Amino acid sequence: TFGIVHQLISSRIMERLDLDKDDVLEKSELLSAIKQVFPENLFDSSGLKKDVFENVFSELDKDGDSQISIEELRQYAKKEMGSNILSQDAADVVAKLVLDVFDTDNSGNLSKNELQKGAEMISQAREK
């Protein structure tokens, strides 16, 4: 039973993230999914807006420990991506992707510096 549920959820997540519907998640589609977590006003024509970044980091860091945990990422992604079941499943995947891609020291949390570098990477990808 668990395998069937897992397969169903995986299929639904793939439907949500596979933008060109070719049954393969490309880097651009993963970046697009990660971008959904970051608010549009975080960037302008010159790149990352530092003041908005500080506000986003504070909003993400619910416990104030200067580290973003996977649970904090999950809650933020769920809020940003909507409340339907498919969005909730996709939010879990996106939170894990953000952590996997941006956690350069493999601590299991994101520091402000790691999140800022990740946001700058997203900003550069937006320009292409």
Side-chain angles (χ1 to χ4, degrees):
T1 304
F2 181 72
I4 293 169
V5 171
H6 185 268
Q7 186 177 14
L8 178 63
I9 290 171
S10 297
S11 295
R12 291 166 72 191
I13 290 169
M14 186 68 152
E15 286 172 21
R16 169 93 169 156
L17 301 181
D18 184 21
L19 301 176
D20 62 8
K21 306 301 181 206
D22 65 354
D23 294 324
V24 176
L25 286 178
E26 288 95 18
K27 182 179 179 181
S28 62
E29 291 169 322
L30 294 176
L31 281 174
S32 177
I34 291 170
K35 282 186 224 178
Q36 292 181 42
V37 176
F38 291 99
E40 273 300 310
N41 68 340
L42 184 58
F43 309 101
D44 62 17
S45 60
S46 64
L48 183 67
K49 293 162 98 178
K50 304 289 187 197
D51 58 332
V52 177
F53 173 79
E54 291 294 329
N55 290 337
V56 169
F57 188 85
S58 294
E59 188 175 344
L60 277 161
D61 186 22
K62 292 290 186 195
D63 63 8
D65 68 351
S66 297
Q67 298 285 313
I68 308 301
S69 69
I70 186 69
E71 187 55 35
E72 289 168 323
L73 277 172
R74 230 182 242 119
Q75 293 305 314
Y76 187 82
K78 285 178 180 181
K79 182 184 79 159
E80 292 297 314
M81 295 180 76
S83 60
N84 68 53
I85 297 297
L86 183 56
S87 292
Q88 298 297 296
D89 292 338
D92 288 340
V93 171
V94 169
K96 179 76 171 110
L97 283 171
V98 169
L99 188 65
D100 288 349
V101 172
F102 297 164
D103 182 21
T104 55
D105 67 2
N106 297 314
S107 67
N109 295 302
L110 294 180
S111 67
K112 187 182 283 188
N113 187 44
E114 288 170 324
L115 187 63
Q116 182 173 350
K117 285 182 180 177
E120 288 169 349
M121 181 179 80
I122 295 297
S123 177
Q124 291 169 359
R126 288 165 40 95
E127 296 168 6
K128 294 180 181 179

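Below, each value reflects all heavy atoms present in this structure, side chains not excepted, and no hydrogens, waters or symmetry copies. Not measured: the values here are computed from a predicted model.
Asn55 is linked by a side-chain hydrogen bond (donor to acceptor under 3.5 Å, both in side chains) to nothing, counting only residues two or more places apart in sequence or in another chain. Evaluation of the side-chain hydrogen bond (donor to acceptor under 3.5 Å, both in side chains) rule for Lys50 yields Glu120 as partners, not counting sequence neighbours. With sequence neighbours excluded, the residues that form a side-chain contact (heavy atoms from CB on, under 4.5 Å) with Asp105 are Asp103, Ser107, Glu114. Checked against side-chain contact (heavy atoms from CB on, under 4.5 Å), Glu54 has the following partners two or more places apart in sequence or in another chain: Lys112. With sequence neighbours left out, the salt bridge (charged side-chain N to carboxylate O under 4.0 Å, His left out) criterion links Lys49 to no other residue. Evaluation of the side-chain hydrogen bond (donor to acceptor under 3.5 Å, both in side chains) rule for Glu71 yields Arg74, Gln75 as partners, not counting sequence neighbours. For Asp20, the side-chain contact (heavy atoms from CB on, under 4.5 Å) test picks out Asp18, Asp22, Glu26, Glu29, with sequence neighbours left out. Scored by the side-chain hydrogen bond (donor to acceptor under 3.5 Å, both in side chains) test, Lys117 finds no partners at all (sequence neighbours excluded).
Between Leu115 atom CG and Asn109 atom CG the span is 12.0 Å, to the nearest 0.5 Å. Expressed to the nearest 0.5 Å, how far CZ of Phe102 lies from CD1 of Ile68 amounts to 12.5 Å.
For the pair Asp92/Lys78, a side-chain contact is recorded, criterion being any heavy-atom separation below 4.5 Å from C-beta on.
Residues Ala119 and Leu42 approach most closely at CB-CD2, 4.3 Å, considering heavy atoms.
Among residue pairs with one or both ends in residues 57-66, those qualifying as side chain to side chain donor-acceptor pair (under 3.5 Å) are Glu59-Lys79; sequence neighbours excluded.
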Take Val52 and Asp44 through the side chain to side chain contact (heavy atoms under 4.5 Å, CB included) test and state the conclusion after the steps. CA-CA 11 Å; Val52 177; Asp44 62 17; over 6 Å; no
